[in-house]
There are 4 protein chains.
Amino acid sequence: MAAALDVFAAQGYRGSTVEQIARNAGMSKANVLYYFHTKDDIYAAVLSRTLHVWLEPLEQLEPDGDPIEQIWQYTRQKLQLSRDAPHASRLFANEILQGGNAVGPFLQSELKTLVDAKCQIIQDWIDQGRLAAVSPLHLLFLIWASTQHYADFQPQIHALHTGDENSLYQQAEHTLRLIITQGLKP
Amino acid sequence: MAAALDVFAAQGYRGSTVEQIARNAGMSKANVLYYFHTKDDIYAAVLSRTLHVWLEPLEQLEPDGDPIEQIWQYTRQKLQLSRDAPHASRLFANEILQGGNAVGPFLQSELKTLVDAKCQIIQDWIDQGRLAAVSPLHLLFLIWASTQHYADFQPQIHALHTGDENSLYQQAEHTLRLIITQGLKP
Amino acid sequence: MAAALDVFAAQGYRGSTVEQIARNAGMSKANVLYYFHTKDDIYAAVLSRTLHVWLEPLEQLEPDGDPIEQIWQYTRQKLQLSRDAPHASRLFANEILQGGNAVGPFLQSELKTLVDAKCQIIQDWIDQGRLAAVSPLHLLFLIWASTQHYADFQPQIHALHTGDENSLYQQAEHTLRLIITQGLKP
Amino acid sequence: MAAALDVFAAQGYRGSTVEQIARNAGMSKANVLYYFHTKDDIYAAVLSRTLHVWLEPLEQLEPDGDPIEQIWQYTRQKLQLSRDAPHASRLFANEILQGGNAVGPFLQSELKTLVDAKCQIIQDWIDQGRLAAVSPLHLLFLIWASTQHYADFQPQIHALHTGDENSLYQQAEHTLRLIITQGLKP
DNA sequence: AATGAATGAGTGTTCATTCAT
DNA sequence: CATGAATGAACACTCATTCAT
């Protein structure tokens with residue numbers, strides 16, 4: 001339910017009410033609970049749908065091609081996602097910030113497996129001398145953090161940035177590309 | 001009140017109860033509200049005390065000395081702060097994520113003034129050819145995001161990183177230094 | 001509807017839901033309410049059907065024959081009914097316990113008429129010196145109470161009686177016969 | 001809480017609302033739940049207080065004295081209790097009727113122990129030829145049923161009995177004494 | 001005749017806040 | 001200063017009933 005994503009992303013699980021979700025969706029509270037039996041169920045459904053969107057770009061990181069270009073493309077996609085689906089990013093941030101109990105199993109199984117595989121690819125690039133000797137995992141952290149930041153900390157960003165959204169993301173892309181492509185050179 | 005910081009950082013404003021804060025502080029609920037009249041007041045007090053801790057490192061960014069070294073030292077301090085005061089970081093992240101209404105005025109006045117001043121310093125460095133031509137504001141965003149990430153997304157980080165906290169922060173520092181110092185070279 | 005009797009007998013009117021009745025009957029909730037417009041209607045229908053089963057044995061109490069034997073046969077039939085139709089007994093007990101609003105009219109008209117007639121028969125037997133000088137109405141109360149008890153208080157009885165159901169009812173019959181036949185001797 | 005006993009006795013657990021109990025006690029709903037955290041807790045407290053009242057008369061059944069007189073005195077006390085504390089009787093009846101889940105443990109331990117002991121006393125009397133050869137347990141059932149009936153089935157009794165409450169209980173006592181004292185003669 | 005969908009009115013429970021002591 | 005007691009306003013969830021198909 002898109003309405004639920006809106007609400008959960010804006011206020012977190014505890015701060016959201018079924019009433020808000022229902023009104024947002026143009027239904028009655030009781031009718032929302034007719035489809036999803038509990039508030040937890042709504043949250044779990046929204047979360048699981050969002051998580052897969054979140055993983056997709058990383059899956060496309062492949063060993064072929066230029067390492068720095070690959071990593072930059074991944075970063076760009078994540079930045080784009082922050083712009084296009086900020087709700088999803090905030091939902092995820094809220095969830096993790098408040099303990100991540102609902103995604104704990106996902107993090108430790110699915111995500112861990114995927115991340116381990118991709119870190120191996122990056123490590124291979126490093127071992128081949130095609131990339132600076134960073135820690136692959138922490139490189140991912142840096143990419144995630146610096147791109148999701150634009151979705152998660154939007155109010156702060158809007159308070160400090162003067163100019164429209166287009167210029168904001170152009171500057172973001174420019175700065176990230178410069179630092180990442182230059183910073184990762186072997 | 002340190003007890004309130006704990007609670008608000010862990011569960012956000014809406015998720016926290018005065019009862020929890022009181023128990024955490026070893027007082028009665030009524031007594032907490034004797035000092036801070038409302039829950040909002042507790043929150044505002046905790047938030048304002050935390051914000052100043054948050055600004056301090058940035059204030060020390062001075063035009064003298066080597067630009068890249070100065071920026072790296074700032075980044076290092078922020079990373080250290082994430083490790084030493086994760087509660088403060090999470091409190092701030094929760095606040096911004098949920099709209100930032102309570103810090104809106106602060107962001108637009110105090111923080112904006114400080115950030116503008118420091119961006120000017122960085123821009124001067126760039127104009128002098130001593131730093132890569134990044135957008136100063138977005139450089140700050142990258143530094144904030146990539147350091148606070150270690151406090152705000154702790155559950156995710158612990159799920160993906162195998163090893164103790166020391167090695168975690170050593171690798172983080174190593175990776176950040178490499179990318180930032182090399183990425184910012186003119 | 002037998003399904004409704006099951007549910008109402010087990011949980012009383014307020015404790016039962018139309019959903020439970022429907023599922024128990026293998027229908028949809030909406031379809032149950034297609035036949036019986038409201039929950040009240042279902043209850044009234046079940047109750048009225050049950051009441052007639054409940055009266056039947058008393059109607060067979062006739063002035064002919066041996067008084068004590070007649071009364072014992074009635075008692076035996078009621079005990080048998082408690083065993084064979086405990087649901088009906090519990091439905092009735094629940095209804096009366098919770099005020100008997102739905103059966104009030106029935107009690108004051110149909111039942112009162114029947115009971116008055118039968119009490120007259122018993123009183124005649126007493127006046128003829130063929131029965132101990134009990135109050136006929138209270139004799140009926142004792143018979144009703146002591147037989148329905150086996151249906152209405154089943155959980156208590158099962159907790160205190162060790163042995164199977166056959167032995168339970170044999171002992172019940174034995175004890176009731178002894179006390180009633182000997183106790184009613186003139 | 002006397003108010004809770006009133007409400008639970010009249011409508012059973014499911015039929016009662018915390019709101020009713022609160023209004024009946026002259027408090028707010030929230031204040032009732034300040035003392036008893038849940039509806040279940042209120043019910044459990046009321047039930048346990050009532051159960052002990054319920055056991056007391058049986059405890060006084062002693063092996064000394066005339067058996068029939070002892071049993072009659074017990075019956076009389078139970079009848080008196082039905083008159084004086086009908087709420088307690090109805091609370092218990094409602095509980096058992098609806099499965100007795102809340103008193104199950106009590107029935108199987110405390111009550112069973114007490115009943116076993118008292119049944120042994122009665123059995124001894126029978127073995128000594130001082131009492132008719134009834135089943136002691138079922139004698140207790142008959143006494144319980146026929147006395148509690150006056151509390152539990154009050155609406156029915158009032159519909160069938162013409163006359164005031166005094167005459168009602170006089171007739172009840174007369175009839176029960178006659179049948180029990182005569183029926184139990186060896 | 002049958003059912004999935006929809007909803008208003010409750011119902012138990014939580015919680016920030018007030019008050020008396 | 002400190003706290004137990006009290007309460008109105010929410011909130012998640014249930015349920016009898018209605019409606020469209």
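Predicted model only: the values in this text are computed from it and were never measured. Within every chain, numbering begins at 1; the chains are lettered A, B, ... in the order of the sequence lines, protein sequences first and strands thereafter. We use all heavy atoms of the structure for the numbers below, so side chains are in, but hydrogens, waters and symmetry mates are not.
The shortest heavy-atom contact between Gln148(A) and Ser82(A) is CA-OG, 3.3 Å. Of all the heavy atoms in Ala4(B) and Val46(B), the pair that sits closest is CB-CG2, 3.6 Å.
Seen from the ring of Tyr13(C), Lys39(C) counts as a face-on cation partner, given the 6.0 Å and 45° thresholds.
Side-chain atoms of His52(B) come within 3.5 Å of backbone atoms of Ser48(B) as a donor-acceptor pair (strictly under, hydrogens ignored). No side-chain donor-acceptor contact under 3.5 Å links Gln156(D) to the backbone of Leu107(C). When atom types are taken as modelled, the side chain of Arg90(C) and the backbone of Ala151(C) share a donor-acceptor pair closer than 3.5 angstrom.
Protein atom OH of Tyr35(D) is 8 Å distant from nucleotide atom C1' of dA6(F), rounded to whole Å. For the pair Arg23(A) CZ and dG8(E) P, the computed distance is 12 Å after rounding to whole Å. In this structure, Asn31(A) places its CG atom 17 Å from P of dC15(F), rounding to the nearest Å. One interatomic measurement links the two molecules: CD1 of Ile42(A) to P of dC11(F), which rounds to 14 Å at whole-angstrom precision.
Classification of the Trp54(A)-Phe92(A) ring pair by plane angle, with boundaries at 30° and 60°, yields tilted.
Projected onto DNA chain E by closest heavy-atom contact, Gly26(C) and Ser28(A) fall at different nucleotides, the more 5' of which corresponds to Gly26(C).
Counting only N and O atoms by type, the side chains of Gln98(D) and Asn94(C) include a donor and acceptor under 3.5 Å apart.
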Letter by letter from the 5' end, nucleotides 13-21 of chain E scores (B base, S sugar-phosphate only, - none; protein heavy atoms under 4.0 Å) BBBBBB---

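Residue Tyr34(C) has its side chain nearest to dA2(E) when only dA2(F), dA5(E), dA2(E) are considered.
Consecutive pairing runs in DNA chain E reach the stem threshold at E:2-21 with F:2-21, where a stem means at least three Watson-Crick or G-U wobble pairs with distances under 3.5 Å.
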